[in-house]
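Here the structure is laid out as structure tokens; the discussion comes afterwards.
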Protein chains: 2
Amino acid sequence: MCRGRAKSATGCRCARQVRGFIQPRLLLLLAKQAAHGYELMEALRALEGEEHLADPGMLYRTLRQFEAAGLVSSTWDEAGRGPARRVYRLTEAGRDYLAWWSTDIRQTRARLDRFLVEYELVQANGLAVHPKSSRR
Amino acid sequence: MCRGRAKSATGCRCARQVRGFIQPRLLLLLAKQAAHGYELMEALRALEGEEHLADPGMLYRTLRQFEAAGLVSSTWDEAGRGPARRVYRLTEAGRDYLAWWSTDIRQTRARLDRFLVEYELVQANGLAVHPKSSRR
DNA sequence: ATCCTCTATATGATCGAGTCATATAGTAGC
DNA sequence: GCTACTATATGACTCGATCATATAGAGGAT
């Protein structure tokens, strides 16, 4: 199994994150303020640290999916220097979806908590080498 | 986007769980006691509730991968009635891997916490319709 | 002019976790 | 024989995530 001990030259790139977690993070950023993709990418990098650099491909695709689903709307901004940017704004549907994600994430956190509590228990009960005969 | 409003007859079966989360849960169960696959499947069902029924395919495949990676060892048990069962026992390497997972899960939980705190903040700041001009 | 870097958006190929369907087989009850 | 429960396992497929790459405007250096 992947254990973080780099097997390939590029190291272990196993994700082990919450599925689709980029979605609520993008929506939350947009809930605070309209923004374009590149801006969002940098915001994610700042939040999660350099090691968790977001994949641009994933990010831009997710934003387009959001728009197709009516969660955000976009307009082109040609004002700045450099290439034009597509500026996204959260819609009401997007806000609802973000709320739904937040409850889902609370549930996920609860599951993680339950696991950690169980794990600490096992750690505490000695190293439990062979608890075969002792039922409790 | 998938929002839990069943689009197909079978409803939304989006996972939205932590990637590979079945791994630490299996390892933790085995840390408590040696067990065979079917037993582990029922234990997971009991822990996570009926709605989160574990897929047997995933479970058995994961166990075989564990063994291939030296995280568990297995022996056949023909004693009980019904077909023979393959009984798995955690190895030292498996225990280490479980410990590694637990720290990873703690990090994941921290990320979820950070998201939820941010979300609550946005909720608290009114509905933040257009905080464009007010920087803070 | 040409090259490089930074900003900015986007697509194609591929990987692999997770899901769904299905196969096999032993035991027990009707 | 038929069905149900226990028990393990594989093949096909979906889709989120990763990796590589393409395009293009603007600004600075040589």
Between C1' on dT23(D) and CZ on Arg85(A), what's the gap in Å once rounded to a whole number?
18 Å
Take the protein atom CD1 of Ile22(B) and the nucleotide atom P of dA17(C), then report the distance between them rounded to whole Å.
12 Å
By nearest nucleotide on DNA chain D, pick out whichever of Gly20(A) and Gly37(B) is the more 5' one.
Gly37(B)
Kindly write out the residues that satisfy salt bridge (charged side-chain N to carboxylate O under 4.0 Å, His left out) with Glu92(A), not counting sequence neighbours, or none if the list is empty.
Arg95(A)
Scan residues 56-67 of chain A against DNA chain C and write down, sorted by residue number, each residue with any heavy atom closer than 4.0 Å; if none is found, say none.
Gly57(A), Tyr60(A), Arg61(A), Arg64(A)
Find the distance Asp55(B):CG to dA17(C):C1' and express it as a whole number of Å.
11 Å
Not counting sequence neighbours, which residues clear salt bridge (charged side-chain N to carboxylate O under 4.0 Å, His left out) with Glu39(B)? List them please.
none
Going 5' to 3' through nucleotides 25-30 of chain C and flagging B where a protein heavy-atom sits under 4.0 Å of the base, S where only the sugar-phosphate is that close, and - otherwise, we get BBSS--
Considering only distance and modelled atom types, tabulate donor-acceptor pairs under 3.5 Å from the side chains of residues 64-74 of chain A, sequence neighbours left out.
{"residue": "Glu67(A)", "atom": "OE1", "partner": "Ser74(A)", "partner atom": "OG", "Å": "3.2"}
{"residue": "Glu67(A)", "atom": "OE2", "partner": "Ser74(A)", "partner atom": "N", "Å": "3.2"}
{"residue": "Glu67(A)", "atom": "OE2", "partner": "Ser74(A)", "partner atom": "OG", "Å": "2.8"}
{"residue": "Ser74(A)", "atom": "OG", "partner": "Arg86(A)", "partner atom": "NH1", "Å": "3.3"}

The criterion is side-chain contact (heavy atoms from CB on, under 4.5 Å); which residues satisfy it with Ala99(A), sequence neighbours excluded?
Tyr119(B)
Test salt bridge (charged side-chain N to carboxylate O under 4.0 Å, His left out) applied to Arg45(A) - qualifying residues, sequence neighbours left out:
Glu42(A)
Angle class for the Trp101(A)/Tyr97(A) ring planes (parallel below 30°, perpendicular above 60°, tilted otherwise)?
perpendicular
Whole angstroms only, please: what is the CG-P distance between Asp104(A) and dG16(D)?
14 Å
In dot-bracket, 5' to 3', how would DNA chain C read with Watson-Crick or G-U wobble pairs under 3.5 Å, [ ] for crossing ones and | for pairs to another strand?
||||||||||||||||||||||||||||||
Applying salt bridge (charged side-chain N to carboxylate O under 4.0 Å, His left out) as the test, list every pair that has at least one member in residues 106-115 of chain B; sequence neighbours left out.
Glu48(A)-Arg111(B), Arg109(A)-Asp113(B), Asp113(A)-Arg109(B), Glu120(A)-Arg106(B)
If I take atom NE2 in residue His36(A) and atom C1' in nucleotide dT9(C), what distance separates them, rounded to the nearest angstrom?
10 Å
Pro56(B): which residues meet the side-chain contact (heavy atoms from CB on, under 4.5 Å) condition with it, sequence neighbours left out?
Met41(B), Tyr60(B)
Distance check needed: dG16(D) P versus Met1(B) CE, whole Å only.
7 Å
Are the side chains of Leu44(B) and Leu26(B) in contact, using a 4.5 Å heavy-atom criterion?
yes
Under 4.0 Å, heavy atoms only, any strand: does Val18(A) hit a base, just the sugar-phosphate, or nothing?
sugar-phosphate
Please identify each residue that fulfils side-chain contact (heavy atoms from CB on, under 4.5 Å) with Asp77(A), with sequence neighbours left out.
Ala79(A), Arg85(A), Val87(A)
Provide, to the nearest angstrom, the distance between the OH atom belonging to Tyr38(B) and the P atom belonging to dT24(C).
20 Å
Side chains of Ile22(A) and Arg25(A): closer than 4.5 Å at any heavy-atom pair?
yes
Met41(A) CE - dA8(C) C1' separation (whole Å):
8 Å
